[in-house]
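Reviewing the structure listed below.
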Amino acid sequence: MVIKKGISVSPGVAIAKALVLDAQDQPIPRRTVAAGAVAGEHQRLDEALTASIADIEKLRDQTSAAMGPETAKIFGFHLGMLHDKHLLEQFRQMLDGEQVTAEFAVYATLRKLAKTFRQQESRMLRERVSDIYDIERRLVGHLIGEARAELGHLRGEVILLAHDLTPSQTAALDKSKVRAIATDAGGRTSHTAIVAHALGIPAIVGLEDLSNEVNSGDLVIVDANNGLVIVDPDAGQLLEYRQYVQRLAQAEVGLDELAKLPAVTVDGTEVSIVGNIEFPTEIAPALAKGAMGIGLYRTEFLFLASESEPTEEQQYAEYVKALESLEGRPLTIRTLDLGADKLAAIDNDNTGQAESNPFLGCRSIRLCLQNLPLFKTQLRAILRASKHGPMRIMFPLISNIMELRQAKMVLSDVMEDLEEEGIGFSRDIPVGIMIEVPSAALQAKTFAREVQFFSIGTNDLIQYIVAVDRGNERIANLYSGSHPAVMTMIRDVIRVAQRSKIDVSLCGEMAGDPDYVMLLLGLGLRSFSVAPPAIPEVKRIVRAVSVNQCQRVARKALSFDTDREVLNYLHDQVQKAVPELFAGRPLEL
């Protein structure tokens, strides 16, 4: 039995068999198989060898046709290695003698061979190391590709374990089959966390090396309410968690009954709770949970889900679909926010350049202002859709006033183009910005004179304030919304918005965390934009507290010196206010 503690990023509990998704760019873990499964590993190896040889022969023929037979000879070494009887025998001896998986036999054998070549005096032999790595990646790719294929055609329920997942992999998951996600990498606001929360899939990240210790088929419990992953639980734990899952299902029915009730505090203050989405198909579930609209439409997932940049018509169709699904409720649409933690799917010179520090690099509004055709195409689609319902445009990662003015100028240019073409749109569409960079937060008063609303994006704001990469599991414990500096900056931005008489919401994951609801209400926030599954819990807390009570909580929280003191205090206060949200959990392991 293995018990691991990680970072809970999407609540819930699931019990199912594991499906381990290895990554080609990560070390392949040593996993053993039963004696009766060794023959199957031999077959997998043979199939991977056959497929790899076919790949290389095809490349050789294509190269010969394009660049001549001499250039095509570079593939001779690869084919020779894959036909080498001595090398193939080493693979097979490892399968028989150590009963390991085929991918580990390939990985371990070729890594050892590469080390031998690297130590040779002959420069020609040393240069062959890259060829050995290429052969390894190809073979391993075919072997672990089976798991990826299996992921796309799941027959039963699984818990997905991986070192990490790309946004497109996470967004494409079959929610009816993938019961939970557990990854070695990531933090509270990694792309895996955001999408898993939006899909309502229990998820734990920052587990360091869990995927190395689990085999596909192992029974796993993911308790994302307590941050625990239990591999091969004993009978007592299994029974306890199955009963816990039943209690959670009953409690969820009770929370969902809040959907038609208003989000009003006990002393009569109305609070707006809206949803964060990636796709229009998420709107119906968000409304069913009680969302009053959509406060954040992350449009980059349109790009990540496509092999090429989506056209104006494709984007327009998606935005119209979203507005029609909302039936008159408001939609806040964020312009493209690719870069850093999100994989750029746009194939051009600017996004293709590697950056040593992508979080401080060319991303979000910077990327758009350097790619005006891309930016204008999206703005045209947004504006054309705006005549179908109430919509607001929000620019991400604004760090100085000139960026905002440039973005607004591009928007004005697009409006003029549409007018000249006789294409209708909403001329008075509200424009706002994400406050997710400390410079923008500190200059909030200046920005407030030029926009109609703020949306505080705590996912990035926190990492920039405390200098912590939010996707780095080694320092994930330092990433905290309860840091006194973070709370102070959020309070100051809310005050500026209130004094400037512009709307302000908070759309980071912090808004959907029960521990922070009373704090944010006490700081003056009246609009929460959260992942749809979090809406009932947030509403339940809002309806159980008073503004005066929350203001006292906020004042006390701001008096502490450390984030740990703050978080313990906030958790204690919300547990006292809404004890039923925390009832019935299994005993700590």
Side-chain angles (χ1 to χ4, degrees), residues 194 197-198 263 271-287 289-302 315-316 318-337 364-365 368 375 378-379 381-398 404 407-408 411 425-436 440 444 447-448 450-461 493-494 497 500 502-512 520 525-532 534-535 538:
I194 292 170
H197 203 168
V271 176
S272 171
I273 304 177
V274 291
N276 297 339
I277 64 164
E278 280 73 38
F279 305 102
T281 52
E282 297 174 66
I283 291 176
L287 297 180
K289 291 286 186 181
M292 301 168 68
I294 298 301
L296 172 61
Y297 182 179
R298 296 184 176 99
T299 58
E300 59 272 15
F301 285 91
L302 287 173
Q315 294 183 62
Y316 168 73
E318 290 296 304
Y319 305 152
V320 170
K321 189 187 302 180
L323 285 166
E324 290 177 344
S325 299
L326 283 166
E327 298 179 339
R329 299 176 184 86
L331 171 70
T332 299
I333 190 164
R334 183 177 72 185
T335 59
L336 196 59
D337 190 22
S364 304
I365 197 65
C368 289
F375 194 27
Q378 183 176 37
L379 292 177
I382 292 171
L383 287 171
R384 287 174 56 200
S386 65
K387 63 182 181 182
H388 293 275
M391 178 191 281
R392 307 194 302 177
I393 295 178
M394 182 163 65
F395 297 126
L397 207 77
I398 296 290
L404 172 60
K408 289 171 68 178
L411 181 63
F425 64 93
S426 174
R427 183 38 116 153
D428 58 352
I429 186 169
V431 175
I433 62 170
M434 296 276 289
I435 300 288
E436 51 188 341
F447 285 107
E450 302 207 16
V451 296
Q452 285 74 55
F453 66 94
F454 289 157
S455 185
I456 304 172
T458 51
N459 295 352
D460 272 339
L461 184 61
V493 171
I494 293 172
S500 303
I502 66 170
D503 292 340
V504 58
S505 65
L506 195 149
C507 65
E509 296 301 298
M510 186 176 173
L520 294 172
L525 189 72
R526 298 294 179 265
S527 180
F528 292 70
S529 188
V530 304
I535 292 172
V538 173

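These numbers come from the heavy atoms of this one structure, side chains and all, not from hydrogens, waters or symmetry mates.
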Inset, instruction - Measure the CZ-CG distance between Arg392 and Leu296 for me, rounded to the nearest 0.5 Å. - result: 11.0 Å
Legend entry - Under 3.5 Å donor-acceptor, Glu300 side chain and Leu336 backbone: no
Inset, instruction - Test Lys321 against Glu324 for salt bridge (Lys or Arg N to Asp or Glu O under 4.0 Å), laying out the working first. - result: CA-CA 5 Å; Lys321 189 187 302 180; Glu324 290 177 344; over 6 Å; no
Legend entry - Residue among Ile333, Ile283, Val274, Asn276 satisfying side chain to side chain contact (heavy atoms under 4.5 Å, CB included) with Ile294: Ile283
Legend entry - Side-chain donor or acceptor of Glu282 paired with backbone N/O of Phe279 under 3.5 Å: yes
Legend entry - Straight-line distance of Leu323 CG to Tyr297 OH, nearest 0.5 Å: 9.5 Å
Inset, instruction - State, to 0.1 Å, how close Ala511 and Ser529 come at their nearest heavy-atom pair, and which atoms those are. - result: CB-O, 3.9 Å
Legend entry - Shortest non-hydrogen contact between Val271 and Met292, atoms and distance: O-SD, 3.9 Å
Legend entry - Spacing of CG belonging to Asp460 relative to CG belonging to Asp337, to within rounding of 0.5 Å: 7.0 Å
Legend entry - Candidate list Ile435, Ile494, Asp503, test side chain to side chain contact (heavy atoms under 4.5 Å, CB included), partner Phe454, passing option: Ile435
Inset, instruction - Working to the nearest 0.5 Å, report the span between CG of Leu379 and CD of Gln315. - result: 9.5 Å
Legend entry - Straight-line distance of Ile393 CD1 to Ile429 CD1, nearest 0.5 Å: 4.0 Å
Legend entry - Closest approach of Leu383 to Phe425 (non-hydrogen atoms, all atoms of both residues): O-CB, 3.1 Å
Legend entry - Pro396 and Thr335, any side-chain heavy atoms less than 4.5 Å apart: yes
Inset, instruction - Quick one: closest heavy-atom pair of Ser426 and Asp428, and the distance? - result: OG-OD1, 3.0 Å
Legend entry - Working for side-chain contact (heavy atoms from CB on, under 4.5 Å), residues Phe395 and Val451: CA-CA 10 Å; Phe395 297 126; Val451 296; over 6 Å; no
Legend entry - Closest non-hydrogen atom pair between Leu397 and Ser364, with its separation: CB-CB, 3.5 Å
Legend entry - Residue pair Leu287, Arg329: steps toward the side-chain contact (heavy atoms from CB on, under 4.5 Å) verdict: CA-CA 10 Å; Leu287 297 180; Arg329 299 176 184 86; 3.5 Å; yes
Inset, instruction - Among Gln378, His388, Arg384, find the one that has a side chain to side chain donor-acceptor pair (under 3.5 Å) with Tyr319. - result: Gln378
Inset, instruction - Please check if the side chain of Gln452 supplies one atom and the backbone of Gly432 the other of a donor-acceptor pair under 3.5 Å. - result: no
Inset, instruction - Say whether, by atom type as modelled, one donor and one acceptor occur between the side chain of Thr299 and the main chain of Arg334 under 3.5 angstrom. - result: yes
Legend entry - Pro430 to Met391 - nearest heavy-atom pair and separation: CD-O, 3.3 Å
Inset, instruction - For the pair Lys289 (side chain) and Gly275 (backbone), establish whether a donor and an acceptor sit closer than 3.5 Å, ignoring hydrogens and angles. - result: no
Legend entry - From CD1 (Ile365) to CD1 (Ile398), nearest 0.5 Å: 4.5 Å
